[in-house]
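Predicted, not measured: the structure shown is a model, and the values here were computed from it. Just so you know, these numbers use all the heavy atoms, side chains as well, and skip hydrogens, waters and symmetry mates. All ligand and atom numbering here is 1-based and tracks the order in the structure.
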Amino acid sequence: MFEKILYPTDFSHEAHRALDFVVRLKDAGAREVVVLHVIDKGSFDAIARYATKDILEIEKNLKERAIAEMRPIEERLEKEGLKVKVIITKAVPYMGILEVEKNEKISAIVIGSHGMSNIEEIFLGSVSEKIVRRAKTPVLVVR
Ligand code: ATP
Ligand code: MN
């Protein structure tokens, strides 16, 4: 039932905690995990506007950093016997996540309740809230 899981991560502690639940979904039939990081287009454009460095260079650095952050996640999932596909895109984060949900024929999404900002008073982060509202597949929100 939950064959192909989408795990979007901003590499925060909160998102990392959700990874344990991706692994647990093996018992519910999970075989493959799409690990997705969306480079926030809004933040990128804001940086690019004031940057003195070449913006292509900045984008390359962001991608390289994301690839490095992905590696231990990939290793963990592969060690658990799961097939892994890594995707790094640049978009509005929730839109990037919904796009991959559509294109990759995802069966469920596992996401942190909070992320990098991690403001406790807020019930859900803005990305996870939009995903819960708009995703077509079931969403497991990990507190
Ligand atoms: P906000 O961004 O609204 O200030 P927040 O950072 O605490 O609040 P969210 O951004 O909604 O909370 O993060 C919730 C979860 O959404 C994360 O744990 C992660 O799973 C996912 N997520 C957030 N941003 C991204 C991103 N850029 N790429 C992939 N996944 C993301
Ligand atoms: Mn966030």
Item to check | Proximal candidate to atom 29 (C) of ligand 1 [heavy atom criterion; set Val110, Thr9, Val127] | outcome: Thr9

Checklist entry - What is the nearest protein non-hydrogen atom to atom 25 (C) of ligand 1, stated with its residue, atom name and distance? => result Asp10 CB, 3.6 Å

Checklist entry - Once you round to the nearest 0.5 Å, how far does CD of Glu104 lie from NZ of Lys85? => result 3.5 Å

Next on the checklist: To check you understand the geometry: which heavy-atom pair defines the closest contact between Ser12 and Asp10, and what is its length?
Outcome noted: OG-OD1, 2.6 Å

Next on the checklist: Show me which atoms of ligand 1 lie under 4.0 Å from any heavy atom of Asn118.
Outcome noted: 5 (P), 7 (O)

Next on the checklist: To the nearest 0.5 Å, what is the distance between CE on Met70 and CZ on Phe11?
Outcome noted: 4.0 Å

Checklist entry - Among all protein non-hydrogen atoms, which one is nearest to atom 6 (O) of ligand 1, and what is the separation to 0.1 Å? => result Ser117 N, 3.0 Å

Next on the checklist: Students should be able to answer this: which protein heavy-atom is nearest to atom 15 (C) of ligand 1, and at what distance?
Outcome noted: Gly112 O, 3.2 Å

Checklist entry - At their closest point, which heavy atom of Ile111 faces which heavy atom of Ser128, and how far apart are they? => result CD1-CA, 4.1 Å

Checklist outcome for this item: When distances are taken from atom 18 (O) of ligand 1, the protein heavy atom at minimum range is His114 O, 2.7 Å

Checklist entry - Any N or O on Ile39 sitting closer than 3.5 Å to an N or O of ligand 1? => result no

Item to check | Ile97 N/O to ligand 1 N/O under 3.5 Å | outcome: no

Checklist outcome for this item: Among Ser113, Ala66, Gly125, Ala15, the residue with a heavy atom nearest to atom 8 (O) of ligand 1 is Gly125

Next on the checklist: I'd like to check which ligand 1 atoms, numbered from 1 as shown, lie under 4.0 Å from a non-hydrogen atom of Gly115.
Outcome noted: 5 (P), 6 (O), 7 (O), 9 (P), 12 (O), 13 (O), 14 (C)

Next on the checklist: Please check whether Glu14 reaches ligand 1 - meaning an N/O of the residue sits under 3.5 Å from an N/O of the ligand, judged on distance alone.
Outcome noted: no

Checklist entry - What residue and atom, counting heavy atoms only, is the protein's closest point to atom 19 (C) of ligand 1, and at what distance? => result Pro8 O, 3.5 Å

Checklist outcome for this item: Of all heavy-atom pairs linking Ala15 and Tyr7, the shortest is O-OH, 2.7 Å

Checklist entry - Salt bridge or not for Arg71 and Glu75, using N-O below 4.0 Å? => result no

Checklist entry - Would you call Asp45-Lys90 a salt bridge at under 4.0 Å N-O? => result no

Next on the checklist: For a quick test of reading the model, state the closest non-hydrogen atom pair linking Glu129 to Leu124 and the distance between them.
Outcome noted: CA-CD1, 3.9 Å

Item to check | ligand 1 to Pro93 polar contact by distance, N or O atoms, under 3.5 Å | outcome: no

Checklist outcome for this item: Ranking Val38, Leu36, Ile111, Ile131 by closest non-hydrogen atom to atom 26 (C) of ligand 1, top hit is Val38

Item to check | Lys136/Glu101 ion pair, N-O < 4.0 Å | outcome: no

Checklist entry - Of the backbone atoms (N, CA, C, O) and the side-chain heavy atoms from C-beta on, which set of Leu124 has a member under 4.0 Å from an atom of ligand 1: side chain, backbone, both, or neither? => result neither

Checklist entry - Among the heavy atoms of Asp40, does any lie under 4.0 Å from an atom of ligand 1? => result no

Next on the checklist: Can you report which non-hydrogen protein atom sits closest to atom 3 (O) of ligand 1, along with the distance?
Outcome noted: Ser126 OG, 2.6 Å

Checklist entry - Which is it for Ile119 and His114 under the side chain to side chain contact (heavy atoms under 4.5 Å, CB included) test, yes or no, and what are the steps along the way? => result CA-CA 8 Å; Ile119 302 159; His114 296 80; 5.8 Å; no

Checklist entry - Sub-3.5 Å donor-acceptor pair from the side chain of Arg17 to the main-chain atoms of Arg143, do we have one? => result yes

Next on the checklist: Checking contacts here: is it the side chain or the backbone of Ile122 that comes within 4.0 Å of ligand 1, counting heavy atoms only? Could be both or neither.
Outcome noted: neither

